[in-house]
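Here the structure comes first, spelled out in structure tokens, and everything after it is commentary.
By convention in this document, chain letters (A, B, ...) are assigned in the order of the sequence lines, proteins followed by strands, and residues within each chain are numbered from 1.
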Amino acid sequence: MALTLFLAGGGLLAGTFGALLGLGGGILIVPLLTLGFGLPFREAVAISLVAVITTSSASAAVYLERRLANLRLGLTLELFTATGALIGGLVAFLLSDRLLAGLFAAMLGYTAWSMVRRAGARQPAPAAAAPGVGTTPGGAAPGYLASLGGADYAVRRLPAGIALAFVAGVLSALLGVGGGVVKVPAMNLVMGVPLRVATATSNLMIGVTASASAILYLLRGQVDPYVAGPVVVGVFAGAVVTSRIAHRVPTGVVRVLFVVVLCYTAVEMGARALALPVGGLGA
Amino acid sequence: MPWRCRWVVWVPESGSGTPRRVARLLAVGTAASVALVAAGTVAMLLAGHVPVTQPGPAFRPSDLAADVLAGRAAGFLWVGLGIAVALPSARVALAGVGYLREGDRRQAAVARGVFAVLAVSTAVALVTR
């Protein structure tokens, strides 16, 4: 009984964290299951992926209902994230995991520094939306890029965003991360999407990225239902409650938490690149 | 019309009901999934199974119906987890159909593309497992 409650409690924490920051929450679940409960890494990643999907579905339902997540933008980027994940999965065995982890750590460090620098200077500068952009019924906006925008922001640098979404997908497959740590900064810093919309849209997208891998783990018998059950129930509770109160949390707090997660992930990736013992990831 | 409040930037898809339908699918699907998983977890505890120390039963699609009818934990857990894993693909398909009905062919094509990539990923997983 105690073990079940601990698993559910860990899931609750991960669901809360994941829904708030646009991550899956695996960044907490994998270390919890491997270091806290002694599960094999692969089994922990498998359960984490199912939890990531639950976080995504539970929080995205609320964010979509409240028109906070951008479904059009999410679908567009998902196309390239999923393609990247597929290609990453196919070529995973050809590339050096340590080299990729080192590059990834450097990129995360740079992203964290960029977010801190932006916060000190000004709010992320959303490009002004043209009148009527994104409001035409049926999405029949004058251009595809324009149709992806929001009420008071326009999406910019779509090719760069697509490239980063592809990279997020490749890294997801190669390194076992969900990609939220790449998607959120890509939408916020590169594409000019407000941070709150970026985290909500990332929450929506993460489910698709994780589901492709989760099917594989499930079919290979890596998911232990007795462990996954309590974790999923806890994650659901955390994600539902957090997604309903997330709009009350100031953007500055979200930004600070996200930078902390980026730094933690960068350190862990750096340790993996140097072949030091690490807890594992699954965000 | 687009509008905003103090903390929330609202994304306008005012002419589209697709996001709302997708939201309902996700809400209902997740609730059903978690209800089944919670029932399975309770059944697991009542049967005296301890997670982590005792490995759970393997995924056998042919046993699912019998396990659920017999009230066994494995049946509820696997059906619930299966719904959870299938939900993202289902919502991509629903979004594609929704945008197609609204005459937004570009967005419908994007959704079809995402669904196709997921289908290929699943096929690759089945072939290489």
Side-chain angles (χ1 to χ4, degrees), chain A residues 1 3-4 7 37 39 50 53-54 56-58 60-61 64-72 75-76 78-79 82-83 85-86 89 134-140 144 150-152 194 196-197 207-208 211-212 214-216 218-221 223-230 232-233 236 247-248, chain B residues 2-4 7-16 18-20 22-23 26-27 29-30 33-34 37-38 40-41 44-45 49-52 54-59 74 77-78 81 84-85 87-89 92 95 99 102-104 106-107 110-111 113-114 117-118 120-122 124-126 129:
Chain A
M1 184 70 178
L3 271 174
T4 307
L7 287 168
F37 292 93
L39 256 64
V50 179
I53 295 171
T54 303
S56 167
S57 298
L64 280 171
E65 190 71 34
R66 296 184 172 188
R67 307 273 168 157
L68 185 56
N70 189 330
L71 182 60
R72 289 176 194 278
L75 269 175
T76 303
E78 270 170 8
L79 180 58
T83 305
L86 175 61
T135 62
T136 311
Y144 187 72
D152 57 355
R196 203 172 294 285
V197 178
V208 166
S211 70
I215 291 167
L216 179 62
L218 196 118
L219 291 175
R220 287 181 175 172
V223 178
D224 184 335
Y226 287 172
V227 179
V232 163
V233 172
F236 175 76
H247 62 283
R248 296 179 189 276
Chain B
W3 58 285
R4 65 171 109 172
W7 298 115
V8 182
V9 179
W10 295 85
V11 175
E13 290 203 58
S14 56
S16 171
T18 299
R20 195 168 287 267
V22 170
L26 289 176
T30 311
S33 160
V34 172
V37 170
T41 302
M44 172 192 80
L45 290 171
H49 297 303
V50 181
V52 182
Q54 295 174 318
F59 177 62
L77 286 167
W78 280 125
L81 294 172
V85 171
L87 258 183
S89 301
V92 170
Y99 283 124
E102 291 167 10
D104 189 345
R106 282 181 302 198
Q107 207 60 45
V110 169
V114 176
V117 174
L118 285 174
V120 171
S121 296
T122 306
V124 169
L126 286 168
R129 75 173 171 150

Exercise for the section: Kindly compute the distance separating OG1 (T54(A)) from CG (L26(B)), expressed to the nearest 0.5 Å. Expected result: 11.5 Å
Problem - Taking every non-hydrogen atom, the tightest pair across W78(B) and V223(A) - result: CH2-O, 3.2 Å
Fill in the blank from the handout: Most heavy-atom pairs under 4.5 Å with chain B, out of L3(A), V232(A), T4(A), V50(A), belong to T4(A)
Practice task
Heavy atoms only, distances under 4.5 angstrom: which of I53(A), L75(A), T76(A) has the most pairs with chain B? Name it, please.
Solution key: L75(A)
Handout entry: Part of V208(A) within contact of chain B (heavy atom distance under 4.5 Å)
Key = both
Exercise for the section: Answer with side chain, backbone, both or neither: which region of A58(B) has an atom nearer than 4.5 Å to a non-hydrogen atom of chain A? Expected result: neither
Exercise for the section: Locate the shortest heavy-atom distance separating L64(A) from A23(B); write the atom from each residue and the value. Expected result: CB-CB, 3.7 Å
Exercise for the section: Output all residues satisfying side chain to side chain contact (heavy atoms under 4.5 Å, CB included) with L39(A), sequence neighbours left out; order by chain, then residue number. Expected result: L33(A), F37(A), E43(A), I47(A), V227(A), V52(B)
Exercise for the section: Identify which of L87(B), V50(B), L45(B) forms the greatest number of heavy-atom pairs closer than 4.5 Å to chain A. Expected result: L45(B)
Completion exercise
Looking only at Q54(B), Q107(B), H49(B), the option with the highest number of non-hydrogen pairs under 4.5 Å against chain A is Q107(B)
Handout entry: Region of L79(A) that comes under 4.5 Å of a non-hydrogen atom in chain B
Key = both
Problem - For the student: nearest non-hydrogen atoms of S33(B) and A84(B), plus distance - result: OG-CB, 3.5 Å
Completion exercise
Shortest non-hydrogen pair, P57(B) vs A74(B), comes out as CG-CB, 3.3 Å
Practice task
Quick one: which of V85(B), V22(B), V120(B) has the most heavy-atom pairs under 4.5 Å with chain A, could you say?
Solution key: V85(B)
Problem - R72(A) CZ to T18(B) OG1 distance, which is reported to the nearest 0.5 Å - result: 7.5 Å
Handout entry: side-chain contact (heavy atoms from CB on, under 4.5 Å) between F236(A) and T30(B), intermediate numbers included
Key = CA-CA 8 Å; F236(A) 175 76; T30(B) 311; 3.4 Å; yes
Completion exercise
Most heavy-atom pairs under 4.5 Å with chain B, out of G229(A), G207(A), S57(A), belong to S57(A)
Problem - Residue, of L81(B), V92(B), V114(B), that accumulates the most heavy atom pairs under 4.5 Å with chain A - result: V114(B)
Handout entry: Max heavy-atom pair count under 4.5 Å with chain A, selected residue of A38(B), P55(B), A27(B)
Key = P55(B)
Problem - Non-neighbouring partners of S121(B) that pass side chain to side chain contact (heavy atoms under 4.5 Å, CB included), sequence neighbours left out - result: L86(A), A212(A), V117(B)
Fill in the blank from the handout: Whatever's closer than 4.5 Å to a heavy atom in chain A on L77(B) counts as side chain
Problem - Pick from A60(A), A85(A), P230(A) with the largest number of heavy-atom pairs that fall under 4.5 Å of chain B - result: P230(A)
